[in-house]
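Some notes on the structure that comes next.
Basis for what follows: all heavy atoms, side chains included, without hydrogens, waters or symmetry-related copies. A, B, ... follow the sequence lines: proteins, then strands. Residue 1 opens every chain.
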Amino acid sequence: MNPNVVPTRRRPASILIVPFCALAAIGPSLASAQGTAPAAPPAISAADSVWLAVSTALVLLMTPALALFYGGMVRRKNVLSTMMHSFALMGTVSIIWLLLTYSLAFGKSSGFIGSLEFALGNGISMKASYPHTAMTVPAGLFMLFQMMFAIITPALISGAIAERMKFGGYLLFTSLWAILVYAPVACWVWNPDGWLYKKGVLDFAGGTVVHLASGVSALAACIVLGKRKALEQHEPVLPNNITTTLLGAGLLWFGWIGFNAGSALAMNDIAVSAFLSTHVAAAAGMLGWMLCEKLRYGRATALGGASGLVAGLVGITPAAGFVTPLSGILIGLIAGVLCCLAIGLKHKLKFDDALDVVGVHGVGGAAGAVLTAILADATVNSAVDASLKSNGGRGGLIMWQIIGVLTVAAFAFVATLILMKITQAIVGVRTTNDEETQGLDLTLHGEAGYNL
Amino acid sequence: MNPNVVPTRRRPASILIVPFCALAAIGPSLASAQGTAPAAPPAISAADSVWLAVSTALVLLMTPALALFYGGMVRRKNVLSTMMHSFALMGTVSIIWLLLTYSLAFGKSSGFIGSLEFALGNGISMKASYPHTAMTVPAGLFMLFQMMFAIITPALISGAIAERMKFGGYLLFTSLWAILVYAPVACWVWNPDGWLYKKGVLDFAGGTVVHLASGVSALAACIVLGKRKALEQHEPVLPNNITTTLLGAGLLWFGWIGFNAGSALAMNDIAVSAFLSTHVAAAAGMLGWMLCEKLRYGRATALGGASGLVAGLVGITPAAGFVTPLSGILIGLIAGVLCCLAIGLKHKLKFDDALDVVGVHGVGGAAGAVLTAILADATVNSAVDASLKSNGGRGGLIMWQIIGVLTVAAFAFVATLILMKITQAIVGVRTTNDEETQGLDLTLHGEAGYNL
Amino acid sequence: MNPNVVPTRRRPASILIVPFCALAAIGPSLASAQGTAPAAPPAISAADSVWLAVSTALVLLMTPALALFYGGMVRRKNVLSTMMHSFALMGTVSIIWLLLTYSLAFGKSSGFIGSLEFALGNGISMKASYPHTAMTVPAGLFMLFQMMFAIITPALISGAIAERMKFGGYLLFTSLWAILVYAPVACWVWNPDGWLYKKGVLDFAGGTVVHLASGVSALAACIVLGKRKALEQHEPVLPNNITTTLLGAGLLWFGWIGFNAGSALAMNDIAVSAFLSTHVAAAAGMLGWMLCEKLRYGRATALGGASGLVAGLVGITPAAGFVTPLSGILIGLIAGVLCCLAIGLKHKLKFDDALDVVGVHGVGGAAGAVLTAILADATVNSAVDASLKSNGGRGGLIMWQIIGVLTVAAFAFVATLILMKITQAIVGVRTTNDEETQGLDLTLHGEAGYNL
Amino acid sequence: MTKIEAYIRTHLLEAVHHALDELHVHGMTVIDVRGMGSSKGVHHLYRGSEYTLTLTPRLKLEIVVNDDQVEEVVEAIRKASYTGEVGDGKILTVSLGQVVRIRTGEKGEGAL
Amino acid sequence: MTKIEAYIRTHLLEAVHHALDELHVHGMTVIDVRGMGSSKGVHHLYRGSEYTLTLTPRLKLEIVVNDDQVEEVVEAIRKASYTGEVGDGKILTVSLGQVVRIRTGEKGEGAL
Amino acid sequence: MTKIEAYIRTHLLEAVHHALDELHVHGMTVIDVRGMGSSKGVHHLYRGSEYTLTLTPRLKLEIVVNDDQVEEVVEAIRKASYTGEVGDGKILTVSLGQVVRIRTGEKGEGAL
Ligand SMILES: Nc1ncnc2c1ncn2[C@@H]1O[C@H](COP(=O)(O)OP(=O)(O)O)[C@@H](O)[C@H]1O
Ligand SMILES: Nc1ncnc2c1ncn2[C@@H]1O[C@H](COP(=O)(O)OP(=O)(O)O)[C@@H](O)[C@H]1O
Ligand SMILES: Nc1ncnc2c1ncn2[C@@H]1O[C@H](COP(=O)(O)OP(=O)(O)O)[C@@H](O)[C@H]1O
């Protein structure tokens, strides 16, 4: 199958739709010329590069934002250890990505894992674009943008294992996960040679790669880790500082603009559509969750609002550049309500998903992926058209999207179980009862979050 | 009167001044051609679009920033309810704007209210520019940018009614306000068909539409709501966390760059001027307020510094793209000192404007609007020249600017009184004494902000 | 020596490398034409201007971020006074820079201090570029970008004098320092007429001008000021809120992208290289510091991680646009470990550098400057090539870089001693014992940071 | 000398303070506490997990007075901290051995 | 009437609470305190400066009971707050003068 | 057994701690309190609203000692927490019924 007609989240930015700047600069003639001759890579666009650089910075900010979002929800004695779970990965995964996993994800590939062509940062140009798909931005910038996704994805898992995991074990596990789970999944879905990518599976900004993968892995991780003592003893577990969580949620919303609209990899109509649908989905997600709380518990909470906007953002992530604004509202609303209900599962099924990663990112990510297949609109993004064709219509697309969800979920779940067991064997994963009661901040890090 | 010579805050970005990118790309010839033939809309500029997208993200961040700014100033028992007042509007107003109020504000208009041409998001192109004025950015992006203004404006009011308003009543009131007050005022001042706009009233980024309207409405709202019990009983009302307020102020300053410089709707000399005058006005506002405190109370406070920089930003908002840097310093200084004195009014006039929305946004907005007419400089922005001409000189401009201020103030005040009364009748506006003493966080939302 | 071949951190952005947008727009022909005829200033690029405007906003945010980073580390009774030290300079230095010091730093110069050509903001164009070097951005924007550096540099010093300096004395000292230390040093290193600049000294984004100068000045300042009573009485000095410090660190990382990648003054391969090396250096710095702690104290701390990422960013600042990603990792790692060890000096040498400005910015800045000379790579930035040539090879470059470090350090140290003494004589520098024990927030500002 | 201890509602501190002023009692120490008793406690809701915290915020007042003042002070506190709703709290008296004023070393009555 | 005061480990509050319930003792006031005693204290590490804080977080419980209940309540608290590790804390009893219930003005036993 | 209670200035804790060490008194409980007395209170200024908070931060110390130690301990605390400025605080003694060490069940003197 000719890669040039493979539907992608990337091509629209570069070929099917001609960047404005090129338009303004070179005029329709050459523009259409590009449209017809994708062989010749399009020129690097400074404007598109600026947009991607800004988006990269925005996604970079999301990991500290996640640290705040999670940090506010745990008990005060674990606030720093929880925040460290996010910050530390900005250290480890950044290095791992540059040296190895970028190549495993985006290097020339058989479809399952990338080659080592870019290992140690080799052959990543700061001037020319990524060689395997047509883009209007330098490869080095594309690699940086993708790096930020690679950082936050394992960090999302940390919410599930909060308040009871050894720091060393956490670092080892997340490093293994970044290499053996994230890189392959990113390759399948986003590498132009990826097998799911070739099936025309649609994932605009990471509903499957980021949210579903982390959400399912979170389930596996907290099953291996077991419940916190406090839960067994039915002690109340109160969030230490919800204002911190609200701040985190606000910064996540801000950063998510880069996450989704930046995934157009150019400043064009796709980017604008993604921005708009992302924003209204977050809005609808917040309202959906608060409504759900109001009906179930008689009151809407601030924590619920913050959780709902994140749920909406999770839901829209795979769909952002493929759907109309009204579909964005619908997706956000569904995600908000669904996740509000889904977080109840852990009580029924008795697993200790401390900060509801499974309920929000697992369920929200899966729902978003399926809704993308249902609502993706060719008038918004011609890639949808190509994807529908190559899958023989809507039914086929939905089916393949579901297959994508199931494969990624199954792989992430099993792989995480194994990696957690390996970590357990090597350095251990669970803190002692004493550490847990005294709090991880003082016992693992020798610090108190607050000395007020 | 020929709209093509109407002075506007928008045209400079698109016609009178040719975007750099176009310049660099197409050269002076076509550029001046554009200048003479506005009939043909200028090409979309990727660079201008990137700038507006970034600015939109920055203004988006201002509402969470406001939540922090306000949240730190209330008593700890109301911190979440206060923050919710800002966050919740990111949910409600975003949806309302897309479905209805964008069209009411920017749809084809008789001058007082826009048509429904864009209702439900219809006819908002992600590729082509806004049809009724020449712009170099896609209409969808312009709509998103304006959405952020529509969100934060009613959120500003929440500072006045803090610590004693029912959440349901707040949501109903702000929704009505967004439709029946914000949309019309935005139409008058910013819609190319708006009656004040046609009079050449200058409001670069919202001194009248955003700050004056919200500040005056805040007065009406807190009059209807009445005083907090704590004030009647002369209990001390201490801000729970000024570090949170400082963080909010810092993020507001950051976001305000997008608010003002982004209002050039392009990256050009107007945008740079707006950025510069905005920044120095914030600086001067901070110094002005702190100086005022030092002289009156013998000490400058951190809360005063934070309040002063916001006052400076409020003052410069209508003037940003029209004045020289030195005028920016002057406006900021005046706004800082003036607002520092104005917040005393509430004690004299005995209304309970909890977080000084009237003193800062009402007074600062009005002062800024008038100072804009006095200091607007044609060498900075040729739109000023046109505006002076169409008003028969400086005197006329000042007069019309004052008329603009008075009309908007009168309308916002009366309309808010009515909407608050309606809300009172339907769902009620004031919490019970018990809720007020226990705190709204626990009684309305079932949460405590801090469990430290 | 012909300025056109002088290696600069600026030229690559504008001449040696042709901005993408120009490329895309005007094609190679004119591009190379520019390369050969620098006499004709390159056209302003909208895309480059957007990148610089965004970078300016990012650097603007770094000062509030610093307020949080420092604020969290002091005792609760001094949190506001510490945060004010950063915020207040956003007021004073912004005005001073526009009116005076920009001209002293970047005006036509004999090599040691700039002329008054731009004083009072005169002759700073919002349309045309800075006259003395070829740039593709408006002079007004360049001035704003540089302003943010001028603000944060003295603010960095405040960490050393925290918890015991008079507010009035602080404002006077920092104002004098901004004029008499920052402006000259910036002129030497960054003004195209600067004597160090002409020697080909490499400082991409301020390792010498910002970090070394502030770090050394911090030492002089805290020597004059003396130790806090708490240290003499061996009371434990506990950070009041490390979550605030982590938030600050996260925002600093985010803002530093603008600081370093923005210093390319255009969106091109230099900017992308700078972005990448900056990011991985921060990552490596965090890991380096935590490793150092783990080995020395048996545990890695959150505060250590936050300190380490800042150390890595300090180390990479002079090198960002000159080195490969792998060198970036190396520099970050070295800076992280080195600073972790260097902060012990104050205990040995018995000076009270409250928040380790000397250990992190002084030592890290010096190390970064030297490492830049060692690792600068001509394949990354052709300016390095020119610099090596003009210095007769690597050895000469390293020697001149060390000379630069020593001169700046000596000047900053002596000048700061004098300015602190002058301040002491005029308004005094040290607070009373009573103010120190009660806390500066209540005694100097009449506020409490927290009323929880 | 006697120490009067009272557990009261947080928002009634000002009122008690005022009542004591009228008796010219100017010395008092206030402690933030959490208390339970006949009242039901407060509901918290975090992501669907509902907790009823039986311990609710209260203030503990400690007031050292001369024995002859005990009656009037106890009565004044009772009046000022009374609402009639469940949760008003208790007042206790503890008789003290000695009382010393740090600044002067005065003992007994002189220490107040 | 007697006031029982106990210094206990923070995480054992729930257990003591439970033990009191079984004795139908529903009134208690809890105070966040820091305590030192035989236990060594906790190490803090901030940028290379190590501190050993001898004062560690503890809870102080205050429970007013009728004299006949003192023994069983003290015993119940002791059992519930026992771990056997150094740092378990102490239980004290203080005999009270009078006890008044603010809501009703009842004195003595009726006040509980 | 006796419980010594002292209201002192927050920054003098270290000094008192040190003084107690010298008497080999290692058990103490510290409580953050707010107190008022002869001292004027502290001025707060928020956006032009000035408040004088009569209640200022203090520490309450509770130290259980054997009766024979009371005098020296009270004196040691007094010396260590003395500044001579208004606001130094008070020291009280309360005689206890029984004292139990939770870890061992020891009663009386053995409990310390
Ligand atoms: N037996 C007790 N011991 C210690 N404190 C008590 C006791 N009973 C009540 N309190 C304190 O008094 C407060 C109010 O008591 P509660 O019984 O709820 O009110 P009421 O006296 O109106 O029935 C409680 O929150 C607690 O702090
Ligand atoms: N003499 C004392 N006076 C007041 N409080 C004490 C005294 N001794 C112990 N405490 C309190 O009891 C807690 C535990 O006491 P500690 O002596 O450490 O345990 P243990 O009784 O098992 O030896 C301390 O943290 C402190 O709060
Ligand atoms: N009568 C009292 N009852 C309870 N606490 C008191 C009393 N008098 C003083 N205190 C406590 O002692 C502290 C200092 O007392 P104060 O009278 O201000 O100092 P001085 O004893 O030097 O006059 C107060 O802040 C308060 O905590």
Side-chain angles (χ1 to χ4, degrees), chain D residues 1-10 12 15-16 19 29-41 51-62 65 67 69-97, chain E residues 1-8 10-35 57-67 69-70 73 77 92-112:
Chain D
M1 313 283 293
T2 302
K3 181 169 66 162
I4 299 168
E5 302 187 345
Y7 308 110
I8 68 165
R9 297 180 186 277
T10 51
L12 294 173
V16 173
T29 298
V30 180
I31 311 174
D32 293 301
V33 302
R34 290 170 291 154
M36 62 190 224
S38 328
S39 46
K40 319 160 306 314
Y51 303 106
T52 303
L53 299 191
T54 46
L55 287 166
T56 56
R58 289 284 188 275
L59 291 177
K60 183 189 181 193
L61 311 181
E62 300 188 347
V65 295
D67 299 343
Q69 276 194 297
V70 173
E71 276 321 311
E72 56 175 1
V73 173
V74 168
E75 191 52 23
I77 295 172
R78 206 185 66 71
K79 283 218 190 66
S81 59
Y82 172 87
T83 70
E85 303 293 312
V86 170
D88 276 353
K90 321 275 185 229
I91 304 172
L92 328 170
T93 64
V94 181
S95 75
L96 300 172
Chain E
M1 314 283 294
T2 302
K3 180 170 63 160
I4 300 169
E5 303 187 344
Y7 307 110
I8 68 164
T10 50
H11 69 278
L12 294 173
L13 176 59
E14 295 289 310
V16 174
H17 190 335
H18 193 71
L20 293 175
D21 270 350
E22 302 201 327
L23 297 179
H24 305 295
V25 173
H26 299 304
M28 170 167 74
T29 298
V30 179
I31 310 175
D32 293 301
V33 302
R34 288 170 295 153
R58 287 287 186 275
L59 291 178
K60 183 188 181 192
L61 312 181
E62 300 188 347
I63 303 159
V64 180
V65 295
N66 296 334
D67 299 343
Q69 276 193 296
V70 173
V73 173
I77 294 174
L92 327 170
T93 64
V94 181
S95 74
L96 300 173
Q98 50 170 304
V99 178
V100 183
R101 163 179 248 143
I102 293 168
R103 176 161 50 95
T104 57
E106 293 159 278
K107 298 221 157 86
E109 308 217 346
L112 293 188

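- Between D:S38 and E:R103, the closest heavy-atom pair is OG-NH2, 4.1 Å.
- The line from OG1 of D:T29 to NZ of D:K3 is 9.0 Å long, rounded to the nearest 0.5 Å.
- With respect to chain E, the highest number of heavy-atom pairs below 4.5 Å among D:I91, D:L92, D:V33 belongs to D:I91.
- Summarising the geometry of E:M28 relative to E:L13, their closest heavy-atom pair is CE-CD1, 4.0 Å, with the distance given to 0.1 Å.
- Among the residues in residues 93-102 of chain E, those with a non-hydrogen atom closer than 4.5 angstrom to a non-hydrogen atom of chain D are E:V94, E:L96, E:G97, E:Q98, E:V99, E:V100, E:R101, E:I102.
- The backbone N or O of E:M1 lies less than 3.5 Å from a partner atom in the side chain of E:D67, making a donor-acceptor pair.
- Considering CG of E:L112 and CG of E:N66, their distance stands at 5.5 Å, rounded to 0.5 Å.
- Shortest non-hydrogen contact noted between E:A111 and D:K90 is O-NZ, 3.1 Å.
- Using a distance-only test at 3.5 Å, with no hydrogens or angles considered, no donor-acceptor pair links the side chain of D:R34 to the main chain of E:D32.
- At a 4.5 Å heavy-atom cutoff, the contact between E:L59 and chain D is made by side-chain atoms alone.
- Note that NZ of D:K40 and OG1 of D:T54 are 11.5 Å apart. Values are rounded to the nearest 0.5 Å.
- Across every non-hydrogen atom of D:R58 and D:I8, the tightest pair is CD-O, 3.2 Å.
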Requested in this report: Give the C-alpha distance, both sets of side-chain angles, the deciding distance and a yes or no for side-chain contact (heavy atoms from CB on, under 4.5 Å) between D:E5 and D:L61.
Outcome: CA-CA 5 Å; D:E5 302 187 345; D:L61 311 181; over 6 Å; no

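- The most heavy-atom pairs under 4.5 Å with chain D, out of E:V30, E:T104, E:V64, come from E:V30.
- Applying a 4.5 Å heavy-atom cutoff, the residues of residues 76-85 of chain D that approach chain E are D:R78, D:S81, D:Y82, D:G84, D:E85.
- Residue D:R9 comes nearest to D:V86 through the heavy atom pair NH2-O, 2.8 Å, listed as atom of the first residue, atom of the second, then distance.
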